[in-house]
Amino acid sequence: MRSSADGGRPHSKRASVVRNCNLLDTMGQSLTSFVDTVFNGTNSSKSEQLVELKATVVLRRKNLFDLDLNDQLAGVADNISDLFGQDVEFRLVSEDVDEETGVGKKSGVATLEGWLAKQLQLTADDQGETYSVTFKVGKDFGEPSAILVENQHPNWFFLKHITLHLPSGDKEFPCNSWVYNHDNYGAPRVFFSNKVYLPDQTPKGLVDLRDSDMKQLRGNGKGERKRPDRIYDYDVYNDLGNPDDDEDLARSILGGSQDFPYPRRCRTGRDMTKADPKSEEPTGLIELVYVPRDERFDHIKKADFLASSIKSFLHELLPTIERLLQGNDDFDNFQDIKKLYDDGFSIPMDDLKSALSRKERENEFKNPLEIIRELTDDDSGDDSLIKFPKPQLIQDNEKAWSQDDEFARQMLAGLNPVVIERLQEFPPMSKLDPSKYGPQKSAITAAQIEKNMEGLTVTEALNQNRLFVLDYHDVYLPYLEKINALEGKAYATRTILFLSKQGILKVLAIELSLPPSADGKTSKRNRVFTPNGNSQHWELAKTHVNMNDTGYHQLVSHWLRTHAAIEPFIIATHRQLSAMHPLYVLLLPHFRNTMNINALARKELIQVDGVIEKGFSPGRYSMELSSVAYKSWQFDEQSLPVDLIKRGVAVKDPTAKHGVKLLIEDYPFAVDALDIWFCIKEWVQDYVKHFYKDGAAIKGDVELQRWWKEIVEVGHADKKEGWLSMTSVEELVEAITIIIWIASAHHAAVNFGQYAYAGYMPNKPSMGRKLIPEEGENSEDATLLSSNPVEYFMRAVSRQSQAIQVMAVIEILSTHASDEEYLGQRTETPFWSSDKEMLSAFERFGKRLKTVEADILKRNQNSTLLNRRGAANVPYTLLIPSSSEGLTGRGIPNSTSI
């Protein structure tokens, strides 16, 4: 029998009787009192020394009448378990130390009241069911600030929160955690109240629980992680290939080397492949990739539905679509693309039935008909029709996307507005080794561009900060020989732009580069196109720039800089910051669902033969290309003002709003982003300075210092530069602001506009299949381009199956969940803090964001700001904080959650 001192159940025989009695609510409380007397020798004088404390517990269980057969059986098993005394047990822990045990005082065991009665109800609330728990403690128990939970049922439940009703007022215990059977843990689960403490301020009665909880979360780094686990650990990206099936399916390991540095991902502990002992075996078609259980999507979440849509579409519908398109997989004209929005793509019912019968659907995958309804106009009445919504880009003007000014405007207000730089030297120079990659100097000359610069010379335009560049030369060139040996065909592009007196960008020239040929000749390897030259070649040159931009956006601006870069921060936060730590409470909403969506991406999107490899020009080298980009990644440069200044599109100016002056005044992303950035920073300053008065407090916080050290030395171990020393309040404010910015606003800016701009494939093709014929070239491609440029274009960009695949995925990724939590909100835990000063500061944060939202809407109505809408008449709304559910093109979720 376990003693009460070690957190076990005292007097197990008595407890068993009490539990069984509790299930028989009709017998009332008198029987419980009788059992107390029998097993504890309770007399009236002793009873007077105890006080009862009531608590309300909100949880969601596997319901007896759930439509899922497994959940039905789980409910029955839990009821039987509860009936025989194996129930859910709770114990209060005091801030005061028990002199006998040396740890916090603990109450006796209390159990959920009325479990079986709840189970017999025919309805279940997805928001959770409410139970009562009654604790008995001595009058000198002290302040209860932790609750131990031990689940004796065979199945899990989701514990939302606990409210302890004290004479002084209610005390909240935020939980939001899956609680499995106690055999899955080495100790009872511990949940702390919403009152936070820095490590050296921890009440003595809670010190052991604070340390033991983090120790459980860190694990021992051994073994394969299982579904119930809540262990956070690190690993490299060694799970993207499948060398055991075919050596051609092997992929480079990202992370842990100078050649391929990368942020770390969550360790799963799966076995290694036989062909490569350093590569992890891929998961099966149905098997989930491990993430700590509390990071897994709640099954009622819309985000889970959307993620499941991706899996189901790729595994059940896409093979059918590819088979139906065999031999006719090219679009013939722009009208064929429009049909996807106007008429849809019909799948014969026999093929649908075949997909329905696949075994995968019975597990984690959705019904293909559900996917179709997700991708279709519900009013069509045809369940076999995949019909995409018309992207914003072509809703008002179907041809505006092809105009030069709109092409340029999207660099400031499109799906990837975070790359354009001010040109600070002319001609642009490469940093690549000229012995391998040819001349470092760009082939673009002053004579080619000065005719379109409003009478300025290149030198004058440089001095006036009016020349800009979108430069993908050094990122793509090292991989072009490999890429162009596959289906994809690409150039390394440079685009030179001029800031006109109107405040809009004018495209001056595009340079398309290929690596030197095998004989070392570099002629025709760097071709320059201008808007005054061959119009067909000019349009194709813009298309190749867009292909570079689409790949870089998805692999670097989106995946690397938000999803991959933020995961080590999440892991370190759970390993090194206690749930009682104020920074843990501050950061938690900005990590919601991220590890889950990242695991899904590793399984479905970025792995061998996934969406990225099959649908984007870099193909199998896509992830290596993102690793090359990570070589220039630095944490301190993820600060928005630092990034804008580094790119040369802004300068420090103490007289300007926020102390930052934009050199392109009408730069929609940057204007809105600066407002959001400083809203976040002001909130973080209010919060951090409330807990840390000076640098000594920062340096003296052992959890904070371990957290930062682990991020730098383990989570981002391949990056040695750009880290803050974490010795001052200002540095901590900057670091936390960067983390929240990356997870929320940066991600929103590069994610939720995907469908608006790339949902129309000709605007942002992900795959290039032809290079541009040379002037005077005598070939089939040259002849086709001359005789039928539209048909040539369709053969040079994504195939139908590739376009449909990418469109389906980015539509899902661009869609807001019904339960989304937006910046300035904390809806999931209504009582996230007991600190009235911080609650007031958070309320001020929300009000500032509403002011920013109103300002953005006002700017979008200003007709003098030409870049806010452009010829396509798409207002820039991506950094409006709030949104409704669906494909809205606005809204900043707290976290990178889809």
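These numbers come from the heavy atoms of this one structure, side chains and all, not from hydrogens, waters or symmetry mates. This is a predicted model, so every value here is computed, not measured.
- Within the model, atoms CG of Asn155 and CG of Asn181 stand 8.5 Å from one another, a figure rounded to the nearest 0.5 Å.
- Nearest heavy atoms, Leu164 versus Ala55: CD1-CB, 4.0 Å.
- There is no side-chain donor-acceptor pair under 3.5 Å between Glu89 and Thr111.
- Residue Arg230 holds its CZ atom at 5.0 Å from CD of Gln216, rounded to the nearest 0.5 Å.
- Residues satisfying the salt bridge (Lys or Arg N to Asp or Glu O under 4.0 Å) criterion with Glu143, sequence neighbours excluded, are Lys171.
- Applying the side-chain hydrogen bond (donor to acceptor under 3.5 Å, both in side chains) criterion to Asp239, with sequence neighbours excluded, gives Arg602.
- Residues Glu95 and Ser145 bring a donor and an acceptor atom of their side chains to less than 3.5 Å of each other.
- Expressed to the nearest 0.5 Å, how far CG of Leu59 lies from CG of Asn176 amounts to 12.0 Å.
- In the model, Glu224 has no side-chain atom that pairs as donor or acceptor with a side-chain atom of Tyr290 under 3.5 Å.
- Within 6.0 Å of CD in Glu100 there are 12 or fewer heavy atoms belonging to other residues, nucleotides or ligands.
- Atom CD1 of Ile736 is separated from atom CD1 of Ile680 by 12.0 Å, given to the nearest 0.5 angstrom.
- To the nearest 0.5 Å, the span separating OG1 on Thr202 from CG on Leu209 amounts to 11.0 Å.
- One distance of note links CG of Asp98 with NZ of Lys204; it measures 14.5 Å at 0.5 Å rounding.
- Between Ser834 and Asn194, some side-chain heavy-atom pair lies under the 4.5 Å cut-off.
- Aromatic pair His574/Phe591: ring centres not closer than 6.0 Å.
- Residues Ile597 and His563 are in side-chain contact: their nearest non-hydrogen atoms beyond the backbone lie under 4.5 Å apart.
- Between Phe569 and His716, the two ring planes are tilted [angle within 30° to 60°].
- Applying the ring pair (Phe, Tyr, Trp, His ring centres under 6.0 Å) criterion to Phe691, with sequence neighbours excluded, gives Tyr687.
- Side chains of Leu53 and Pro167 form a contact here, defined as non-hydrogen atoms less than 4.5 Å apart.
- In this structure, Ala564 and Asn598 approach most closely via the heavy-atom pair N-ND2, 4.4 Å.
- Here the two rings, on His161 and Phe191, have centers that are 6.0 Å apart or farther.
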